[in-house]
Every structure is written in C-alpha cells, then in structure tokens.
2 protein chains.
Amino acid sequence: MADSHAPASPEKPGAASPAPAVTRAAAVLDALAASATGRLTLSDLSREVGIPKSSTSNLLLALEEARLISRQGAEFTLGRKLVELGAAYLGRMDEVQEFYRYCEQASVLSRETVRIAMLDGANVIYLARYEGHPAVRLTSNIGDKMPVSLCAVGKALVARLNWHDIEEMFPDDAELPVLTPKSLRTGAELKAQLREIREQGFAFEDEESTTGVVCLAVSVPTRGAHGPSLGLSVTALEATYTPEQGAQMVKELQELAHSLGNPMG
Amino acid sequence: MADSHAPASPEKPGAASPAPAVTRAAAVLDALAASATGRLTLSDLSREVGIPKSSTSNLLLALEEARLISRQGAEFTLGRKLVELGAAYLGRMDEVQEFYRYCEQASVLSRETVRIAMLDGANVIYLARYEGHPAVRLTSNIGDKMPVSLCAVGKALVARLNWHDIEEMFPDDAELPVLTPKSLRTGAELKAQLREIREQGFAFEDEESTTGVVCLAVSVPTRGAHGPSLGLSVTALEATYTPEQGAQMVKELQELAHSLGNPMG
DNA sequence: GCTGATCGTTCAGTCAACTGAACGCAATCC
DNA sequence: GGATTGCGTTCAGTTGACTGAACGATCAGC
C-alpha cells in the first residue's frame, strides 16, 4: 500500500472474478448510485472504483451503449434502462401484483398506507407501496433501503431467521443505527424484541424511525424453497392509532401474508 | 415488444464494443427482462443472446456476484440490485419528487390519476404515478413502456421533436401498433394529430390504448440543455369525462410542467 | 496572455479472458 | 433397463482486452 489514502476497498483481493469487466461495471453503477449527487466524471469514477482511467473510459462507453448509464457533457449518471430492468424485476413478482389487488379490496388496509418489502442483508428494500391513507405520506420510495432494526417489517423479517444467524448479525453489544430517541441501540435490545415478535406473530415499531409514526408488520412464509423473504407493513400516525385498529390491521396483514405464501388462492 | 426476438442477429456486427463483456452482460439482462417468465437457464440465455455456453457461464457468475441477477436452482432471474439502481435513478430526479408534491396539493389533479413519463426512442417509460382517483387503477406500472402513438403523453413528447426527425420516425405509410379499434394506424394519421397538438399545446388520447379510458397530456420544457424529455398525463374514465373537467386538468398539468421546467420555483 | 493543473483520449505491448470441444450428470424416452 | 438428449462444468490454446505513459484540449490562476 504505497498509497496512503485508499478511498475504500473497491477491489476484490482474494477472489478473481470470472468476468472482471462485468464486476467492474457493476462497481461503477454502485459508485454512481452511492454518490451524493449521482453525477460523476470519468476521473471521479476512476478514482472511486480504483481502476485506470483508460479502462474506465472503455467501461463507460460500453455501459452508455447499453443505456445503463447516461453521459451529460463530462458527467455520467445512471441510465434509464435501469428503471426498465428494475420494473421488469418487480413486474415478475406475482406477489407485488397480488399485494395491490388485496389492499384495494381489504376492509381496513384499503384505507391505510401499506408496504411490501424484502430482506437484503441487514436492510430491507421496499418493493411496493399502497397508499390508501391521504394523511400518511411516506418519505421513503420504492427501492429505498432501511436498516432492519429501525422498522417493523425489518424486525418481522429478521425474526424469521435462525437464531444462530441472528446472534451472528447482532451480537449483544452491536451498535445499531439511530434515527430517533426511541430507536433501539444495541443488539441485545433488538433480540429481546425479536423474541417477543416470534411469540406474538407480528412486529411493531413505536416511533423508532420517525417520531409520530408507528408501524405493524408481519412476514410472509417463503413461497417455495428459494425466493426472497417478503414482509408486509402498515404505517399509522401515533396520534390516531388505537389498539383495536391495530388488531384488525394485523389480522388483515396476516391474511394477505398467508395468501402470498400459498399461491393460486 | 418492439423487437420480436430475432434469433439470427443478436450480435453487433459492425461496431466492436470497447468492453464486450459488459455489452454482453447487458444483453443477458435484456433477455431476462424480455422473456415471458423471467426465468431462463444458462443454455436458454446462451442461445438467446448468441454466445457460447462457457462464456455465458462466466458472465452469469459475475452478474450473480454483483447481485444483478439471481440464480434459483438452474434458473436465473433478474436481481434485486436492479431495483435499488432503478430507485437510485428515480430518486435523483428532482422532477419526480416535485411531481408528487404538486399532485398532492393540486385542486383537481389531487383527485385524479396522474403520471410522469420519459421519451425513449419510439416508446415512453412511465417514471412515477400518482393515484388520487380510487376508481382508476392502471394496469401499467412504473418502468413499463408504451409506444408513443398509443398514449397521450407519447404524442405530447413526440410533438416536441423536430419535424424532420418525426418524418423519419414515422413515414406516412408506417404501420403503428394497434391495441383498440380507435388506435391510430399509420404515420400519416399520427402526424395529423401531432400538428394539432402543437397548435393547442396539449395532447389527447381517445380510447386508443384502452377502451373506456381517455387521457390528456403535456410535455415539460427540457430543463437545461441535456436531460430527458418528460411528459405528464392524466387518465380519466370516458364515461365520466367532461370537457370542462378536461380544461381544468390541462391547466394544472401545464402549471406543473412549467414548474418542472423552471426549477427553484 | 501566459502558466499550471486537470481532464479525456490515443496507442502499442503484454497478459488474461474467451473459445469450443470433451466431460460427468440427470432426466427423458422407447 | 438401456439409450439418448440435454444440462452445466472443465480445461488448454489463442485471440483480443487491459494497462500505463504520452498527447492535445480545456479551464483556472496570476
């Protein structure tokens, strides 16, 4: 390491990729997605990803031809093709379609803000959102990620994992990300809640990500052997939330979850 | 599908890509997105994209490591990373955020189904959708594509192009895709409408994509020199549509378009 | 207007990725 | 049951992609 300031660990040291150009191209896309403005120059990307400029230039040319990125003057941004591909992914998930259909005709959920999310490591990714409650407008969009410890649906999904994996992901003294005064702070706190969630069959969030907002969530039994873990959540305003309401919402969430887990209903 | 899968010429004959592995990887993603079920085996992909199996195998390994695809047994599907990247693209578009904000507080549009779309060759891609009208549920989702001749927003966007380019894209005898009895059939028909749209400043669709549904649309003046062409549309049921309603909707659409085209309003 | 730095592109040499045939394996057909 | 078809993987040879330094272009500073 002659270079003192290694910007990150962009290269894979041990494992050689079977198609390095593809791995590098993916790193370029990640760098663009992670950057603050979403606009980077060739030199920026070359530095960020840690590959020579000339190689980066070739990658960018190929990515641009594939519409995966777009060049505007000297700056590169993510390309619109990514929207199409992401949409193709979501469109293929029957669960998302079924989710919309169910929410529309449910008695309570049809008037609430409901979301379906997927577990991705220590985060959840929101896949779709049904907005039946005009007063509850979420700041998070489809595709956004959220640490599992900060949302009901994250806790519901993690509670389904093997306890051994949970212990590994969240040691007792693990420091968790904090968004509000009520956010959980340590792995021990989280695991105490996970035990509760396992017993009662649903998860809750009491202003842990946003003050004034509460959530309820359940996990969907995995359809088939493969496939990602899905979860469902309802968001409500703390000011108007009542336990009776909550009980009914959980009931409908569980019904939807069961229907999603056992297709061809 | 604009391109019926031609098994013969999947390769770029004349132009050699500066990073063929990336171009090929993109072709693999396209093939997965275009396939009926979204699930293809290595051999399927090898045949579809027209590259040797061993090479395809390496590509798939790299793509899987990057989470751009996912393997389930012997079948490959698009990966969840694509949802993140697509979301990152949309999240960077200030126009989408502003679109939501405006729709929520508009007097008429807040109770309608509104969409924002972008021109992509001879198609439009839907970027976001605001659902203020419970009775109007669209079958098309975010990221879906639609031929420009079949929707109001497509016609609004094409009407903005140079007439020379329009003539090239749509010769008089060009055959247009047809979805309903009212769909436009020829380039001549389309261009007649485009002239009308240029004069009145907004576009319309009279059951050309879906029977019983009408649309109004305007284009957004391009922000800055670069950047994609954006368009806005409102969808209404033909049965309840009135011209007075339409006039008000067009007014608000144009207001939003103006605001999107001139930021920091 | 000149200097300096930074940016993106070009080019030839070298190394590594791609090819294609052969392999093991599983499911299918007769 | 045996044969056959199709799948995905392996491996060595060869072609083609990647590197890195030098080039011209652009912009900021004095």
Side-chain angles (χ1 to χ4, degrees), chain A residues 1-3 5-7 10-29 31-32 35 37-66 68-77 79 225-226, chain B residues 7 9-29 31-32 35 37-66 68-77 79 225-226:
Chain A
M1 318 300 163
D3 231 359
H5 61 298
E11 295 287 291
K12 310 267 173 178
S17 168
V22 175
T23 305
R24 287 174 159 191
V28 167
L29 294 178
L32 279 171
S35 77
T37 66
R39 300 168 163 276
L40 296 176
T41 66
L42 186 149
S43 301
D44 291 335
L45 285 166
S46 172
R47 242 178 285 110
E48 190 74 24
V49 184
I51 54 185
K53 277 194 294 182
S54 54
S55 307
T56 308
S57 177
N58 285 333
L59 284 180
L60 293 176
L61 253 50
L63 283 170
E64 188 185 7
E65 193 191 335
L68 293 173
I69 63 171
S70 163
R71 111 181 294 153
Q72 288 161 5
E75 292 179 318
F76 293 88
T77 62
H226 38 62
Chain B
S9 63
E11 293 285 288
K12 310 267 175 177
S17 167
V22 175
T23 305
R24 289 174 157 191
V28 166
L29 294 178
L32 279 171
S35 76
T37 65
R39 300 167 162 277
L40 295 176
T41 65
L42 185 150
S43 301
D44 290 335
L45 285 165
S46 171
R47 240 178 286 109
E48 191 74 24
V49 185
I51 53 184
K53 278 194 295 182
S54 53
S55 307
T56 308
S57 177
N58 285 334
L59 284 180
L60 293 177
L61 253 52
L63 284 169
E64 188 185 7
E65 193 190 335
L68 294 174
I69 62 171
S70 163
R71 113 182 293 156
Q72 288 161 6
E75 292 179 318
F76 293 89
T77 63
H226 38 63

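Since we're looking at a predicted model, the values are computed, not measured. Just so it is clear, the values below take in all heavy atoms, side chains as well, and ignore hydrogens, waters and symmetry mates.
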request  = State the OG1-CD distance between A:Thr77 and A:Glu64, to the nearest 0.5 angstrom.
outcome  = 9.5 Å
task = For B:Ala26 and A:Ala66, work out which heavy atoms get closest and say how close.
result = CB-CB, 3.5 Å
ask   = From A:Ile69 CD1 over to A:Leu40 CG, what is the distance, rounded to the nearest 0.5 angstrom?
value = 10.5 Å
ask   = Which residue lies toward the 5' end of DNA chain D, B:Ser54 or B:Asp44, if each is placed at its nearest nucleotide?
value = B:Asp44
key: Point-to-point distance, once rounded to the nearest 0.5 Å, from CG of B:Leu42 to CZ of B:Arg71   = 7.5 Å
query = What is the distance from CZ of A:Arg71 to C1' of C:dC7, rounded to the nearest Å?
reply = 12 Å
query = Could you state the interatomic distance from OG1 (A:Thr41) to CZ (A:Arg47), rounded to the nearest 0.5 Å?
reply = 6.5 Å
inquiry  = Assuming nearest nucleotide by heavy-atom distance, tell me which of B:Leu59 and A:Leu61 is located more 5' along DNA chain C.
reply    = A:Leu61
task = Please lay out, stage by stage, how B:Leu59 and B:Leu45 fare under the test side-chain contact (heavy atoms from CB on, under 4.5 Å).
result = CA-CA 11 Å; B:Leu59 284 180; B:Leu45 285 165; over 6 Å; no
Spacing of B:Leu60 atom CG and B:Leu68 atom CG [to the nearest 0.5 Å] = 11.5 Å
ask   = Is any side-chain N or O of A:Arg47 closer than 4.0 Å to OP1 or OP2 of C:dC7?
value = yes
task = Apply side-chain contact (heavy atoms from CB on, under 4.5 Å) to A:Thr56 and A:Val49, showing your working.
result = CA-CA 9 Å; A:Thr56 308; A:Val49 184; over 6 Å; no
query = Just how far, in rounded Å, is P of D:dG16 from CD1 of B:Ile51?
reply = 16 Å
inquiry  = From the set C:dT9, C:dG8, D:dC18, return the single nucleotide nearest to any side-chain atom of A:Arg24.
reply    = D:dC18
ask   = B:Asn58 CG to D:dA17 C1': how many Å, rounded?
value = 15 Å
task = Check whether any side-chain N or O of B:Ser43 sits under 4.0 Å from OP1 or OP2 of D:dG6, and answer yes or no.
result = no
ask   = Of the non-hydrogen atoms in A:Val22 and B:Ala21, which two are nearest, and what is the gap between them?
value = CG2-O, 3.7 Å
note = Contact string for nucleotides 22-29 of chain C, one letter per nucleotide 5' to 3', B = base within protein heavy-atom range under 4.0 Å, S = sugar-phosphate only, - = neither, reads --------
message = In dot-bracket form, 5' to 3', how is DNA chain C paired? Count Watson-Crick and G-U wobble pairs only if both distances fall under 3.5 Å, and write | where the partner sits on another strand.
response = ||||||||||||||||||||||||||||||
remark   = Regarding the side chain of A:Leu42, the nearest nucleotide among C:dT9, C:dA17, D:dT9 is C:dT9
inquiry  = If you only use heavy atoms from C-beta on, which nucleotide in C:dA17, D:dC7, C:dG8 is closest to the side chain of B:Thr41?
reply    = D:dC7
Interatomic distance where CG belongs to B:Leu40 and C1' belongs to D:dG6 [whole Å] = 16 Å
ask   = Of the nucleotides C:dA17, D:dC18, C:dG20, which one has an atom closest to the side chain of A:Pro20?
value = C:dA17
